[in-house]
Amino acid sequence: MKPLEISAPAKVNLRLEIKGKRPDGFHELETWMVPVSVYDRIRIRAQEGFSFRCEAPGVPTDESNLAVRAVRVFCEALGVAPNVGVDLWKGIPHGAGLGGGSSDAAAVLVGLNRLFETGCSLETLSELGGLLGSDVPFFVWDSAAVCRGRGEQVEPVEFKGQLSLLLVKPPFGVPTPWAYGRWAQSRELPGGNYRAQEFAWGRLVNDLERPVFEKYLFLAALKNWLLEQPGVAGALMSGSGSTMFAVLEEPGDSVARLREGLHGEFGTNLWVESCKTLSGAG
Ligand code: C5P
């Protein structure tokens with residue numbers, strides 16, 4: 001049988017609102033997420049026994065990798081032996097708030113369902129995804145969506161139009177549990193820009209900026225800088241960071257100009273990538 005080749009897209013949160021802390025330690029959310037055209041790539045093939053390969057520096061290849069855990073969860077739930085080889089190529093930085101690990105896990109669930117012809121519905125795969133992480137069900141649905149609960153309750157919504165985005169990530173990441181853990185006690189920085197930004201297509205706002213900017217002042221400065229640039233319609237941190245994204249008015253020449261400006265102002269070790277929102281297959 002031919003190996004399956006799957007593209008696992010990143011996401012950004014256009015809106016992330018925290019409703020409160022729950023008794024189980026998670027935070028109740030309403031977040032609007034859209035997949036974007038930056039990808040990890042995954043190959044899955046049938047073989048004797050299990051193997052996992054990823055050569056990206058800093059990415060674990062043991063059971064702590066969500067893609068490996070996805071194989072375990074799928075095979076245990078469906079009662080099949082993990083006779084598969086999974087190879088992963090990273091295009092999405094990790095610790096970035098772009099959902100790379102969650103997208104890999106969802107791609108593995110969807111891929112194994114095809115490979116083993118197990119016929120699971122998206123609802124079932126989404127439930128299995130919820131066992132792996134709050135953002136995994138979103139990627140199973142392969143669509144823009146409003147996600148509630150701890151993020152695992154996915155309502156696919158049509159996202160009309162396509163946004164051109166510039167993703168900007170500094171060399172450090174932000175640990176997600178830390179960002180949520182600081183949310184309740186955090187304060188707004190003077191000069192920080194947290195206000196919701198209104199557009200014809202919706203609103204940009206992220207409640208996790210408050211705790212994250214308090215510690216990572218660089219990100220608050222980066223957002224302010226982006227908002228001052230011509231051609232930038234809006235800017236927001238994605239998820240728990242550390243990626244900041246700018247919504248571009250006219251992608252054309254502004255991408256090269258912004259990249260140059262960012263590297264000049266903040267250093268050349270920033271990861272800068274232009275992409276578009278995806279409508280998804282769903
Ligand atoms: O579900 P996931 O493993 O991605 O979450 C990582 C951590 O982020 C959780 O252990 C929790 O500390 C925090 N979190 C939260 N509320 C959410 C999602 C995540 O507090 N809705």
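Both ligands and their constituent atoms are indexed starting at 1 by order of listing. Everything numeric here is computed off the predicted structure, so don't read it as measured data.
- Residue pairs that meet the salt bridge (charged side-chain N to carboxylate O under 4.0 Å, His left out) test with at least one member in residues 53-66, sequence neighbours left out, are R53-D87, E63-R72.
- Here ring pair (Phe, Tyr, Trp, His ring centres under 6.0 Å) pairs that include residues 43-91, with residues two or more places apart or in two chains, number zero.
- The one candidate from R210, E209, K215, E214 that meets the side-chain hydrogen bond (donor to acceptor under 3.5 Å, both in side chains) condition with S186 is R210.
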Cut-off 3.5 Å, no hydrogens considered: what does the side-chain donor-acceptor table look like for residues 227-239, sequence neighbours left out?
{"residue": "Q229", "atom": "NE2", "partner": "W225", "partner atom": "O", "Å": "2.8"}
{"residue": "S238", "atom": "OG", "partner": "N13", "partner atom": "N", "Å": "3.4"}
{"residue": "S238", "atom": "OG", "partner": "G97", "partner atom": "O", "Å": "2.9"}

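- Taking both residues in full, the closest heavy atoms of T31 and R15 are given as OG1-O, 2.7 Å, listed atom of the first, atom of the second, then distance.
- Cluster annotation: I92 and L167 are assigned to the same hydrophobic cluster (Ile/Leu/Val/Met/Phe/Trp/Tyr, side-chain heavy-atom contacts under 4.5 Å, transitive).
- The protein residues lying under 4.0 angstrom from ligand 1, judged by non-hydrogen atoms, are G25, F26, H27, L29, G133, S134, R150, T176, P177, Y180.
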